[in-house]
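Only one structure is covered here, and it is reproduced in the block below.
Per chain, numbering begins at 1; letters A, B, ... match sequence-line order.
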Amino acid sequence: EAEVAQSPRYKITEKSQAVAFWCDPISGHATLYWYRQILGQGPELLVQFQDESVVDDSQLPKDRFSAERLKGVDSTLKIQPAELGDSAMYLCASSQELGQPQHFGDGTRLSIL
Amino acid sequence: QQQVKQSPQSLIVQKGGISIINCAYENTAFDYFPWYQQFPGKGPALLIAIRPDVSEKKEGRFTISFNKSAKQFSLHIMDSQPGDSATYFCAAESGGSNYKLTFGKGTLLTVNP
């Protein structure tokens, strides 16, 4: 079964540093999502793409977070500068189209020291 | 404001027993209700989902019961097995909000052998 690929699996960095996460959705999936999951909580949507266009970034802290999906395939989420409160699991999901079931990758576990 | 409330926070069941997890929602525009299963270190995996035009959906040992008037839905796991031990998340989605998934806080299920 096709999977959503994410890298790295783990990232440890110091506060004030820059960090980036990469996601490769299931082939042919037009919609891509980035979620943040704090330990013991459900995932919360940060940003949603339809092809290369942002559909919803209302929950993305735009002063430090940025996301792009330049060719409408893979995507990068960046944090600069990282803060202690950014420690969490960052999950990527994709769906064939808007409104179709979302399939998640295994995430990047970020720890800020 | 928490739009999807999930209970209990944790649940311990004996092998062969029935596990029941409940969710309630506020937004009547929600029209898709999936359940996700998440193992430690993994991303959430879609388990089963329902739309409000039916009151029950069954797939193998997993059943969703849906009460539209009460704005509640629940997951029943029949003949629970130790391999079912995981965190379960309910979620809700509305086409009017760009098909954004809103998750509950999760239920940690432990099935004892």
Side-chain angles (χ1 to χ4, degrees), chain A residues 1-10 21 23-26 29-51 53-60 88-111, chain B residues 1-11 21-25 27 29-53 57 59 64 75 86-109:
Chain A
E1 181 179 298
E3 297 181 347
V4 175
Q6 289 190 247
S7 66
R9 288 298 315 278
Y10 305 93
F21 316 122
C23 172
D24 190 13
I26 294 172
H29 279 199
T31 313
L32 184 147
Y33 313 78
W34 283 102
Y35 288 86
R36 177 168 58 187
Q37 185 177 25
I38 296 170
L39 194 63
Q41 302 284 324
E44 293 182 326
L45 182 70
L46 291 173
V47 61
Q48 178 182 349
F49 289 91
Q50 178 68 14
D51 299 313
S53 300
V54 173
V55 174
D56 185 346
D57 64 355
S58 58
Q59 300 303 309
L60 188 71
M89 174 80 86
Y90 289 82
L91 293 162
C92 179
S94 70
S95 63
Q96 197 160 14
E97 287 292 343
L98 281 170
Q100 295 297 307
Q102 296 184 28
H103 302 271
F104 284 79
D106 285 338
T108 296
R109 170 70 66 186
L110 175 65
S111 297
Chain B
Q1 179 189 5
Q2 187 184 355
Q3 293 199 54
V4 179
K5 295 183 179 180
Q6 184 172 346
S7 63
Q9 190 173 355
S10 62
L11 180 62
I21 304 170
N22 301 298
C23 283
Y25 62 96
N27 187 351
F30 287 144
D31 57 8
Y32 174 69
F33 302 89
W35 285 88
Y36 283 83
Q37 179 189 56
Q38 186 175 29
F39 293 105
K42 295 289 189 178
L46 181 62
L47 196 59
I48 186 172
I50 197 168
R51 294 196 182 272
D53 53 343
K57 183 174 181 180
E59 291 184 0
I64 299 178
L75 176 69
T87 300
Y88 292 81
F89 293 95
C90 63
E93 181 188 274
S94 165
S97 62
N98 292 319
Y99 301 98
K100 167 184 170 181
L101 272 176
T102 299
F103 284 84
K105 290 191 172 184
T107 296
L108 177 60
L109 172 66

Structural part of B/F39 lying under 4.5 Å from a heavy atom of chain A: neither
Engaged part of B/L101 at the chain A interface, taking heavy atoms whose separation is under 4.5 Å: both
Leading residue by heavy atom contact count with chain B [cutoff under 4.5 Å; candidates A/G105, A/P101, A/G99, A/C92]: A/G99
Separation between CD of A/Q41 and CZ of B/F103, rounded to the nearest 0.5 Å: 13.0 Å
Which atoms of A/Q102 approach chain B - backbone, side chain, both or neither, heavy atom under 4.5 Å: both
A/E97, part contacting chain B, at a heavy-atom distance under 4.5 Å: neither
Heavy-atom proximity to chain B below 4.5 Å, by part of A/L98: both
Closest-packed option against chain A by number of heavy-atom pairs under 4.5 Å, given B/G41, B/G43, B/A45: B/G43
Atom group of B/Q9 that falls short of 4.5 Å from chain A, counting heavy atoms: neither
Per-residue contact mode, A/R109 against chain B (heavy atom under 4.5 angstrom): neither
A/Q50, CD: over 12 other non-hydrogen atoms inside 6.0 angstrom: yes
Shortest non-hydrogen separation from A/G42 to B/F89 and the atoms involved: CA-CE2, 3.3 Å
B/P34, part contacting chain A, at a heavy-atom distance under 4.5 Å: neither
Between NZ on residue B/K42 and CG on residue A/L91, distance to nearest 0.5 Å: 12.5 Å
